[in-house]
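Accompanying notes for the structure given below.
Here is the naming used below: chain letters follow the sequence lines, and residue numbers restart at 1 for every chain. This one's a predicted model, so the numbers in the text were calculated from it and none came from an experiment.
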There are 2 protein chains.
Amino acid sequence: MVDPALLLEQKGLKVTPQRYAILRFLQQTEDHPTADQLVEQLNRNLPMTSRATVYNTLSTLRDVGLVREVTHEAGVLRYDANIEPHHHFICRVCGRFDDIDWQSFQSLDLSPIAARYPHIENIEVIVRGVCRQCQATGNGQ
Amino acid sequence: MVDPALLLEQKGLKVTPQRYAILRFLQQTEDHPTADQLVEQLNRNLPMTSRATVYNTLSTLRDVGLVREVTHEAGVLRYDANIEPHHHFICRVCGRFDDIDWQSFQSLDLSPIAARYPHIENIEVIVRGVCRQCQATGNGQ
DNA sequence: TCTCAAATTAGATCTATTCTAAGCTTGTAA
DNA sequence: TTACAAGCTTAGAATAGATCTAATTTGAGA
Ligand SMILES: [Mn+2]
Ligand SMILES: [Mn+2]
Ligand SMILES: [Zn+2]
Ligand SMILES: [Zn+2]
């Protein structure tokens with residue numbers, strides 16, 4: 001876990017309480033929260049961050065590459081402080097949204113599309129299914 | 001190209017001019033249009049389909065499995081009548097959104113995640129980069 | 001401490017999508 | 001042919017996430 005203040009400084013951004021809290025929250029969560037979930041969770045105890053600032057800050061952090069936007073569900077924009085290449089699993093039943101290590105799909109071979117797409121910048125595998133918990137409880141089968 | 005009317009009947013849906021036109025358009029396009037693009041293109045010559053009907057019909061077709069929603073860009077929901085498993089390429093510069101054959105990533109091996117996710121329903125690889133045209137013209141480098 | 005560009009804010013606005021309630025079409029049966 | 005019901009289409013209203021605006025506050029450097 002890198003100090004959020006350090007990361008912000010490295011990008012030439014002022015370290016404000018709001019930015020610090022938003023980046024730290026994203027670093028610490030296993031989840032991929034939406035802007036609205038961030039507003040709610042950050043202000044749960046001590047309200048100090050407006051909705052506008054959450055949106056502004058997320059855009060700023062995205063622009064400098066400290067977070068990425070993840071958009072694999074209709075109308076839902078999620079944020080991810082894991083900026084290393086990795087993949088995702090999405091549960092059809094509960095919406096659970098997990099990271100999958102890059103290593104897991106090392107086997108993925110790009111040579112079949114290299115001629116058609118010589119300028120690839122990023123690859124991501126989306127795995128959809130039912131998570132262990134939802135399968136155990138049998139909801140939504 | 002399967003007759004849209006036949007597909008609609010098979011799913012127990014009434015064949016209306018609007019449904020026929022929407023499904024046929026999606027079958028014939030190489031693109032992955034949004035609801036709004038569909039409204040605009042379907043009504044370009046002969047206006048006969050309201051915005052509400054386009055949204056209703058897309059939801060209906062999605063529910064019966066004749067089209068799928070594709071959501072890999074912030075705030076943009078696209079529709080795809082190619083319901084066979086396949087992958088996608090998205091151009092960062094022009095937004096071009098191509099199909100990539102399932103065959104292209106045959107090499108993809110799921111065994112590393114099989115223990116953690118025993119109930120996988122769908123897999124998709126998203127490839128992002130710059131398409132040949134955008135690279136040639138040098139826009140947005 | 002003072003200054004001022006940058007950051008934050010509440011609330012207005014925008015926009016894609018969904019909802020509502022009325023009208024239309026089609027198939028069926030009297 | 002007429003009556004009815006079910007399903008489809010429609011315009012416009014409502015909703016909600018995101019963005020914009022303009023005023024206020026903050027904080028890093030002089
Ligand atoms: Mn992630
Ligand atoms: Mn496709
Ligand atoms: Zn689940
Ligand atoms: Zn392009």
Measure CG/L42(A) against P/dT8(C) and give the value in whole Å, please. 12 Å

Name all residues meeting the side chain to side chain contact (heavy atoms under 4.5 Å, CB included) criterion together with L110(B); count only those two or more places apart in sequence or in a different chain, and write none if there are none. F105(A), L108(B), I113(B), I120(B), I123(B)

Mind calculating the distance between CG (L13(B)) and C1' (dG27(C)) to the nearest angstrom? 16 Å

Rounded to whole Å, how long is the line connecting atom CZ of R19(B) with atom P of dT26(C)? 13 Å

T137(B): which residues meet the side chain to side chain donor-acceptor pair (under 3.5 Å) condition with it, sequence neighbours left out? N139(B)

Enumerate the residue pairs fulfilling ring-ring contact (aromatic ring centres under 6.0 Å, His included) with a member in residues 65-84 of chain A, sequence neighbours excluded, ordered by first and then second residue. H72(A)-H72(B)

Give the rounded distance in Å between these two atoms: CG of L23(B) and P of dC8(D). 15 Å

Using the side chain to side chain contact (heavy atoms under 4.5 Å, CB included) criterion, which residues pair with A52(B)? Sequence neighbours excluded. S50(B)

Only counting residues at least two apart or in another chain, list the ones meeting side chain to side chain contact (heavy atoms under 4.5 Å, CB included) with D99(B). H32(B), D80(B), N82(B), H86(B), H88(B)

Sequence neighbours excluded, every pair satisfying side-chain hydrogen bond (donor to acceptor under 3.5 Å, both in side chains) that has a member inside residues 106-117 of chain A: Q103(A)-Q106(A), D109(A)-S111(A), Y117(A)-D98(B)

Rounded to 10°, the angle between the first-five-pair and last-five-pair axes of the helix from dT1(C)-dA30(D) to dA30(C)-dT1(D) is 10°

In whole angstroms, the gap separating P of dC8(D) from CG of L58(B) amounts to 15 Å

Could you tell me how far apart E69(B) (CD) and dT18(C) (P) are, to the nearest whole angstrom? 8 Å

Can you tell me how far C1' of dG27(D) sits from OH of Y20(A), to the nearest Å? 18 Å

Find every protein N or O atom lying less than 3.5 Å from an N or O atom of nucleotides 22-26 of chain D, and list the pairs.
none

Does dT9(D) have its OP1 or OP2 closer than 4.0 Å to a side-chain nitrogen or oxygen of S50(B)? no

Under 4.0 Å between any heavy atoms, over every strand shown, what does T16(A) touch: base, sugar-phosphate, or nothing? Just pick one. sugar-phosphate

Which pairs, protein N/O on one side and nucleotides 14-20 of chain D N/O on the other, fall under 3.5 Å?
unit_1  : atom_1 : unit_2 : atom_2 : d
dA18(D) : OP2    : Y55(A) : OH     : 2.5

Just how far, in rounded Å, is C1' of dT15(C) from CD of E73(B)? 17 Å

Can you list the other members of the hydrophobic cluster that holds V70(A), where links are side-chain heavy atoms under 4.5 angstrom apart? I90(A), F97(A), I126(A), V70(B), I90(B), F97(B), I126(B)

Verify the cluster assignment for V127(A) and V125(B): are they in a single hydrophobic cluster under the rule of side-chain heavy atoms below 4.5 Å apart? yes

Test of understanding: with side chain to side chain contact (heavy atoms under 4.5 Å, CB included), list the residues that count as partners of A21(A), not counting sequence neighbours. L42(A)

Distance-only donor-acceptor hits, side chain of residues 10-17 of chain B, under 3.5 Å, sequence neighbours excluded:
unit_1 : atom_1 : unit_2 : atom_2 : d
K11(B) : NZ     : V64(B) : O      : 3.2
T16(B) : OG1    : R19(B) : N      : 3.1

Non-hydrogen atoms of V54(B) and L38(B) that approach each other most closely: CG1-CB, 4.1 Å

